[in-house]
Amino acid sequence: MQSSNMINYDYSVAKCFAIATIVFGIVGMAIGVLIAFQMAYPELNYLAGEYSTFGRLRPLHTDAVIFGFILSGVWSTWYYIGQRVLKVSMAESPFLMFMGKLHFWLYIVGVAVVVVTLFMGITTSKEYAEFEWPIDIVIVLIWVIWGMGIFGLIGIRREKTLYISIWYFIATFLGVAMLYLFNNMAVPTYFVAGLGKWYHSVSMYAGTNDAMVQWWYGHNAVAFVFTVPIIAMVYYFLPKESGQPVFSYKLSLLSFWGLMFVYLWAGGHHLLYSTVPDWVQTMGSIFSVVLILPSWGSAINMLLTMKGEWGQLKSNPLIKFMILASTFYMFSTIEGPIQAIKSVNALAHFTDWIPGHVHDGTLGWVGFMIIASLLHMAPRMFKREIYSKKLLEAQFWIQTTGIVLYFSSMWIAGITQGMMWRAADQYGNLAYSFIDTVNVLHPYYTIRGVGGLLYLVGFFMFSYNFYKTMTASKAIEEEPQSASPMAA
Amino acid sequence: MNWLNDNVNLLSLIGAAAIILITAFVAGKYIKQMKTDKSTGELAEENWDGIGEYKNPLPIGWAVSFLGLIIWAIWYFLAGYPLNGYSQIGEYNEEVAAYNTKFESKWANPDEDTLMGMGEGVFLVQCAPCHGITGDGINGKATDLTSWGPESAIVNTIAIGAKGSGYPLGEMPAGLLDPESAKAVAAYMVEKISKAGPSKNPDLVSTGEALWATCSACHGEDGKGMAGSSPDISNYGKPEFIVNVLNRGKKGMIGSMPSFNDGRLTDIQKFAVGKYVNSLSQ
């Protein structure tokens, strides 16, 4: 077996994206904490005039964490994992090196423009697709550059068989490309009808069709940004960090193709009890329920990989992060399907149970996986040991507490809210008005804010740990085969 | 109120419990294997950056569940819940019709307390958003219903006029009578026309009768509005008057109140609202 250490991997792009992950993570999560507290204390809307209102900040929060934090994490790990499992260094191809750097810098420009325009209130008003058409064109360009990087690296690989993680990265690339292109089809109003500013546009689809395309996109943005590339991470980092072979190749394969086939049909569950055709709604519900199994397949594969390795789980905080992440992945991917059952959705729709669901997935699964991945990469990229295990342990428990507070308060708030909205007196009149629900939910909104704050505190601890690992930690001579070295 | 009588509530709570229990059970099972079991299997030839893969078979429970769900999905979509065999609007219409039938028979002969309770419930949902929870009109945002109905309100209406009920004879101008005369007409009205009295000024009733012609020109000698030419004020200060306003809506001095004659309220409910609103000034 050829040692991977014989190839001199070039991590310069991975490092850039790792730092971007941390910066955008802090920004996105800090805005998230602020708007969480705005829900409990509305005066916080007026900290900075129009720029601090919930309406302006909410898309900044979602876009900063999805397209800033998570995508940077995905790309950082891609530029790390890609080279290693394909057994080829980026340094071997000046073209790929150039494309990687162009990818990063063009992306930074894109993010800067997005931040400015969203603060100015320039938006298409489509959720998670708020960017106006000129920005969309830049995003497509960034995506194409990444695609050339993926297939370029695959083209010059030494390892003939593609590792599971590569399948998932390719799926991320293809899935998002397709979704993004179709959902962002828009008519630039100025150039077509002389109306509005030059950057304004309206969706190319109207009414119900627009809603269906939007939620086909919105739901699968979750699939191909929150799920697929994160599975790519767990399939590499968990076996690598633990030194354990993946439990079952067959399970990997069936879970992958199951996920690819089933996920794309489930978006209709966002539009239950709306004007979309009944069969589309029913289809959305059915595919959502079937989706439990391919999702759980990957998680189970990871848990079974750790069979007999309780000792590692106890001693290695990175393994802890990844195992809890897999468990939150299971939790979130059975929660979604159950909320997609029509009778449950009749209560859950529009309630806080939905952001509760999203956040046990994003905080528990996505956030934990990215944190663990970056910390696994750090000693190998910077040739230093992880700065502090103690800090990492503390971070794990603080963030876990934060997540539990977050989702339990949102579960209680959401279900209470849903039941109150449905409640009627003996004469059939609605029993509660909107303000009644607000009064009841207020304490839970505060608890949610505190949960988010704890997670953010943990993220700062991670950032500090990463920074110190990068700059001040003890140097290591040789790259470890599995468990990452860390100072107590 | 029994929360669990509602199937949606019940199913949601079962669903929430299932999420926690199933996750805890399955994840718990595999975490236990981390403590007790040993990883084994035949390794595949490939090795990626030091990562190997076992050629283990699928976990049987997972495989069976997946297959079972796929079969269920196909059955449900094509046979159990066929593509063209269901319409959500149809289901809605059926449920509403069934509910209304039940409602009509259950409350066919409501007593006074029932009407007041029902009226208050409807009021809080349908009327309070503009008229306020207490009916005070929220500082002039809508008509103050706590002063609607009694003799003094008639004096006020004569002073400010009235409009917006959409009758052929049009608006009633402000200040048709001076304040003293208005008081007398009000006394006559509550004693003889609406019979909502007794009047606070019984001595003015005969003066009012003499001035009634100003009103009867439009509302008719009997105050019944001359067969739909103008509002029937013979039931002013009574639930029936409110029912009429609910049916017609009102583009009044302050704003526009929509008509509630769109099926959202039954006749019993409208009458109950009338009863309740009428009670606000008493």
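Note that this is a predicted model, so its numbers are computed, not measured. Within every chain, numbering begins at 1; the chains are lettered A, B, ... in the order of the sequence lines, protein sequences first and strands thereafter.
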Which bit of [X] is near chain B, if near means a heavy-atom gap under 4.5 Å: side chain, backbone, both or neither?
{"X": "E159(A)", "answer": "side chain"}
{"X": "I323(A)", "answer": "side chain"}
{"X": "F287(A)", "answer": "neither"}
{"X": "A348(A)", "answer": "neither"}

Gap between atom [atom2] of [Y] and atom [atom1] of [X] - 0.5 Å precision:
{"X": "K307(A)", "Y": "Y30(B)", "atom1": "NZ", "atom2": "OH", "answer": "9.5 Å"}
{"X": "L303(A)", "Y": "M34(B)", "atom1": "CG", "atom2": "CE", "answer": "4.5 Å"}
{"X": "I20(B)", "Y": "I334(A)", "atom1": "CD1", "atom2": "CD1", "answer": "11.0 Å"}
{"X": "S252(A)", "Y": "L58(B)", "atom1": "OG", "atom2": "CG", "answer": "9.5 Å"}
{"X": "M118(B)", "Y": "Q426(A)", "atom1": "CE", "atom2": "CD", "answer": "8.5 Å"}

Looking at side-chain heavy atoms only, is the closest gap between [X] and [Y] below 4.5 Å?
{"X": "Y249(A)", "Y": "N56(B)", "answer": "no"}
{"X": "S165(A)", "Y": "W48(B)", "answer": "no"}
{"X": "T161(A)", "Y": "E45(B)", "answer": "no"}
{"X": "E46(B)", "Y": "Y163(A)", "answer": "no"}
{"X": "Q269(B)", "Y": "N429(A)", "answer": "yes"}
{"X": "T23(B)", "Y": "W296(A)", "answer": "yes"}
{"X": "V122(B)", "Y": "Y427(A)", "answer": "no"}
{"X": "I51(B)", "Y": "Y235(A)", "answer": "no"}

Considering only heavy atoms and a distance below 4.5 Å, find which of [options] pairs most often with chain B.
{"options": "T327(A), V289(A), I81(A)", "value": "V289(A)"}
{"options": "I300(A), L430(A), I415(A)", "value": "I300(A)"}
{"options": "Q312(A), Q281(A), K314(A)", "value": "Q281(A)"}
{"options": "I338(A), I286(A), I292(A), V85(A)", "value": "I286(A)"}

Under 4.5 Å, counting heavy-atom pairs only, tell me which of [options] racks up the most with chain A.
{"options": "T36(B), L124(B), T114(B)", "answer": "T114(B)"}
{"options": "G117(B), A44(B), G15(B)", "answer": "G117(B)"}
{"options": "I268(B), I89(B), L69(B)", "answer": "L69(B)"}

Are the side chain of D278(A) and the backbone N or O of Q88(B) linked by a donor-acceptor pair below 3.5 Å? yes

Any idea how W3(B) and Y432(A) line up, ring-wise: parallel (<30°), tilted (30 to 60°), or perpendicular (>60°)? parallel

Quick one: what part of Q33(B) sits under 4.5 Å from any heavy atom of chain A, side chain, backbone, both or neither? both

